[in-house]
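Quick notes on the structure that follows.
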Amino acid sequence: MIYSEFIMDYSKLKKFHGKIENAHRIEEGKNLSCGDEVTLYFLFDGDKISDVKFEGHGCAISQASTNAMIEQLIGKTKEEAFEILKNVENMMFGRDFDDQLLGPVTNFYDVKNYPMRVKCFLLPWKTLELALNGEGKKPLKE
Amino acid sequence: MIYSEFIMDYSKLKKFHGKIENAHRIEEGKNLSCGDEVTLYFLFDGDKISDVKFEGHGCAISQASTNAMIEQLIGKTKEEAFEILKNVENMMFGRDFDDQLLGPVTNFYDVKNYPMRVKCFLLPWKTLELALNGEGKKPLKE
Amino acid sequence: MHSTEWSDEAFCRIIQEFPVLNREVNGKRLVYLDNAASTLKSRTVISKMTDFYLNHYSNIHRAVHTLASEATTEYETAREKVARFINAQSEEVVFTSGTTMGINALVNSLVRSGMLREGDTVLISQVEHHANLVPWIRLSRFFGFKVEYIEADNTGTITTDSILTAKSRVNNPKVVSITGQSNVTGQVMPIEFIRETFKDAILIIDGAQLIPHKKIDVKALNSDFLVFSGHKMIAPTGIGALYGKRALLERLEPFLYGGEMIDKVTFEDVTFNVLPYKFEAGTQDIGGAVALGYTIDYLESLGFENIQRCIEELSKYLLEELSKLDFVEIYGPRDETHQSLVSFNLDGVHPHDVSQVLDEDFGIATRSGHHCAQPLMSVLAKGSRIDFPNSTVRASVYFYNTKEDIDILIEGLKYVKRWFG
Amino acid sequence: MHSTEWSDEAFCRIIQEFPVLNREVNGKRLVYLDNAASTLKSRTVISKMTDFYLNHYSNIHRAVHTLASEATTEYETAREKVARFINAQSEEVVFTSGTTMGINALVNSLVRSGMLREGDTVLISQVEHHANLVPWIRLSRFFGFKVEYIEADNTGTITTDSILTAKSRVNNPKVVSITGQSNVTGQVMPIEFIRETFKDAILIIDGAQLIPHKKIDVKALNSDFLVFSGHKMIAPTGIGALYGKRALLERLEPFLYGGEMIDKVTFEDVTFNVLPYKFEAGTQDIGGAVALGYTIDYLESLGFENIQRCIEELSKYLLEELSKLDFVEIYGPRDETHQSLVSFNLDGVHPHDVSQVLDEDFGIATRSGHHCAQPLMSVLAKGSRIDFPNSTVRASVYFYNTKEDIDILIEGLKYVKRWFG
Ligand SMILES: Cc1ncc(COP(=O)(O)O)c(C=O)c1O
Ligand SMILES: Cc1ncc(COP(=O)(O)O)c(C=O)c1O
């Protein structure tokens, strides 16, 4: 059953919703196959991710995944964020991963059995990847 | 057995081979699927077909068919030629036909059971049709 | 509770034809309501295709051996069946790999033949599937024609008014290319009215959704072209057909070049074969074409008019039952022009989640997404009273579905609504 | 007397795979020597395809229900098998309806992407199949590029000399498009030498004849594109693949537009999906692709290197035995580059008559005609010592053939010669 209590709860979280007006970085992601979109706003404090918020719409999986990701990211360095990202992908593609690093994100473990939903889950993570790699650029929402 | 004695004999006939220098009508036909080609030369005497010769190359069926056709045509009026043509097509497509009119051409009756060879048989007849319909034109061989 | 068009006995035979219907999905009997994407495959058609491949197959045309002769006869017989099915001549029927291929071929070939030129206008509608939209808008860049739209109202419906408005706005479109039925709103288009309104245009009908359940007579419709896919009417994938009026096909430059479609080839130039071979370059999908022929045999053995009435009955029931759910927003027209499928949304639940729960907890296969009609989503958004998710859930029926299937869907939707509350 | 690559037991299993081999044709056991046109179909592949269609089929991608998920996995697994088979990455493999489609797609897409422009030169060879000839010469009219030829000698053979001559004559061709093996002369082309000679050109390999019996490694060959058809390697008709280097595919404009291949579509414009989906518009030939995957499984279960050696052995025998007949004129090279098929003529007997008698009196399927290579016929005519009939007889083998099949052919040819004397 893909819709665990954790996922249902996290899909409804409101606290990370919204814009950060003076964000250091804004990154958009979208899921080709379903039209889901997410925009991530980042605030950095030196090398640390000090705050993240998001706007967008999508299914329960992508919403829950975005909330859980943000919760896990805040307070981490960019390098740590990269590590988390790598381990999230490992989890989805059935490879070894460090569950310590992922914390509550491991609640999405079963999603890997639903190939069509892996994309929903990965939407915020792929967007994070863009943000981390594209440092310096600051695209505006069209 | 498609190669009856009649077909074998007629495929080797030489007497209708050649050009008619002062032909009233020259018509070319070719078979797309095998590269066979035939050029028919006609001499008319008023409404009568007084002589026909041909050049070209092809398989035993098309060669025999050309020879048998020419033999049957010489001395006939254009109108009679049309009638023969119509009956030949009827024979090939399994419809009723007048075997009196066709004479020895009825020796090709079995060819209709070989769909791939019907085209070989019809090559000179289709060329005749062009010649009869296109009266007045006199195309030259390229 | 199958449609009244089938006796119990007839329906029982139908069910046996589609083994997957006896399958369990997530512990439930499969309820297959994704027919608009692709239909299930029948035992009869597939086993006849198997027999053909294993016992009579070879390449066709141009060979005198026995197998080639058998295969050619089968292939050309299939063409005759398709021709008869749409009331065309055999030479007017070209086998293609499907609807998408057919439309791409037409756009390019019309341009290459000078039948569609820079500055000319092509009129399509706002409800077109990407197959009848993307080729036009993308190739218009390369070839300089213009694309204009018949607008849909905010339920996604094309009305006679919108057709007349398009006529007054667009000066003599060279081509009008229109779907026979929308795969999102389920609307069966007023093709006769469109034909009448644009008398001088080349009319192309995208028959993908319509032909599986409604008789299309190309002569009666006076359509210039028709394209469709076999896989939406129980044939295998990879095969479809393009119909064109003979006189137009004669003038039309081919889309694909290669073997079989030629007359004479030199190192410098080429002349083409006669119709329809001119448009069938290379080794055809021989097995697919033969299977499409068997498919038509099978559909006709059920009585195509019975299939049509069965779909009408199921469509009506589906629309009625969905309308009873106050948390469901339905798109498309609310009359008998709405056939075979319904797109809808549950207020506050994303379509993906709806489809997922229907599959997991009820064994129901539905489709959710933009249904290859992204621009239409923005039209539907305007008319929507909910927070429109840029996509919809779609349930679609075929003749092997039952009213019970629809009841299970309704039950499932109530559960989904409660679950996501 | 099968090839030494198979044990009796292995060969016995092979024969059981192809039921048509147990069939009688005109009262004789079928001797199928028309493999270059299309191969027979195997029980294993066809029955796996049947199982897929009847029990796991639905449309793929973009849907969350169970069947769609199963079908998508099967489809993408097939792509991985094809990729592995030619040593490519999955994203570099696009399913097509066959070789002809693949080449047509490339010509158009190269032009649309500006990678082939007016005035540029495309170099092909004089032995090309119409599939790799007609698209170039016909589209050159519309798009203004030039087509030049690597010339064949009068046995129809491409030599390193002729390649170097072409290089000195043609200034930096933008594209070199060449068959891996001629379907008329049987010559396996010196692809490595061509790649070396034209370092800067975009190299396209027509793999239709070669891939069924010889391992093609696109990385080792440093080929930019490769196209081939499944039906010449026991897969069903209607399916094939196009390989392209990732960097080139990224730059390449699609050939077909429609559903699935898009990213975002508005009423005005469109952006495309990622590789390889960008090139797969519309509903794919899902069943065909899955079957192509099963085909590769089957061929690999026999050991592809065994198939290759089997064909080498049979080819050698075929060429040797035909050479012993003084009334037979053979075309193509006389060394081990001549593989899997032989084209020939009987002095004074038309190829159609040869094939017909072989079929009627011996149950042998051969092909006669111009083999979709008309211009090459005029080249062969020049070197011919007989009254060349503008066509040839062709006998071609695959791994289920035996030396006995070839013996029967030889016996048949002697009879034909006597009969037409
Ligand atoms: C060398 C060669 N190229 C291309 C083709 C065309 O392949 P298809 O007809 O499957 O598109 C063939 C087969 O007929 C061939 O032998
Ligand atoms: C209305 C309509 N047009 C075109 C298509 C495209 O058909 P195909 O994917 O078979 O090419 C579809 C099906 O997806 C459709 O519903």
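Treat the numbers as computed from the prediction; the structure is a model and nothing was measured. Numbers restart at 1 for each chain; the letters A, B, ... are given by sequence-line order, proteins then strands. Just so it is clear, the values below take in all heavy atoms, side chains as well, and ignore hydrogens, waters and symmetry mates.
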Which of the residues [options] is involved in the greatest number of heavy-atom pairs with chain D at under 4.5 angstrom?
options: C/C372, C/G240, C/S47, C/A37; answer: C/A37
options: C/S355, C/P19, C/S140; answer: C/P19
options: C/I137, C/V265, C/D34; answer: C/V265
options: C/V20, C/L40, C/N104; answer: C/N104
options: C/A105, C/S378, C/A373, C/A365; answer: C/A365
options: C/I239, C/L376, C/L67; answer: C/L67

Could you look at [X] and say if it's the side chain, the backbone, both or neither that has a heavy atom under 4.5 Å from chain D?
X: C/V45; value: neither
X: C/Y32; value: side chain
X: C/D263; value: backbone
X: C/T99; value: neither
X: C/N26; value: side chain
X: C/F267; value: both
X: C/Q126; value: both
X: C/L256; value: both
X: C/E70; value: side chain
X: C/T39; value: backbone

Is there a donor in the side chain of C/H352 and an acceptor in the side chain of C/S368, or the other way round, less than 3.5 Å apart?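 The answer is yes; a qualifying pair exists.
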Verify the distance criterion only: is there a donor paired with an acceptor across the side chains of C/H231 and C/T237 at less than 3.5 Å?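 Looking only at side-chain atoms, C/T237 and C/H231 do not form any donor-acceptor pair under 3.5 Å.
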Measure distances from [X] to the heavy atoms of chain C and classify the residue's part below 4.5 Å as side chain, backbone, both or neither.
X: D/E128; answer: neither
X: D/F95; answer: neither
X: D/Y53; answer: both

Is the closest basic N to carboxylate O distance between D/K28 and D/D361 below 4.0 Å?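 Not counted as a salt bridge, because no side-chain N and carboxylate O are separated by less than 4.0 Å.
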For the student: nearest non-hydrogen atoms of C/E280 and C/Y75, plus distance: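 Minimum heavy-atom contact is OE1-OH, 2.9 Å.
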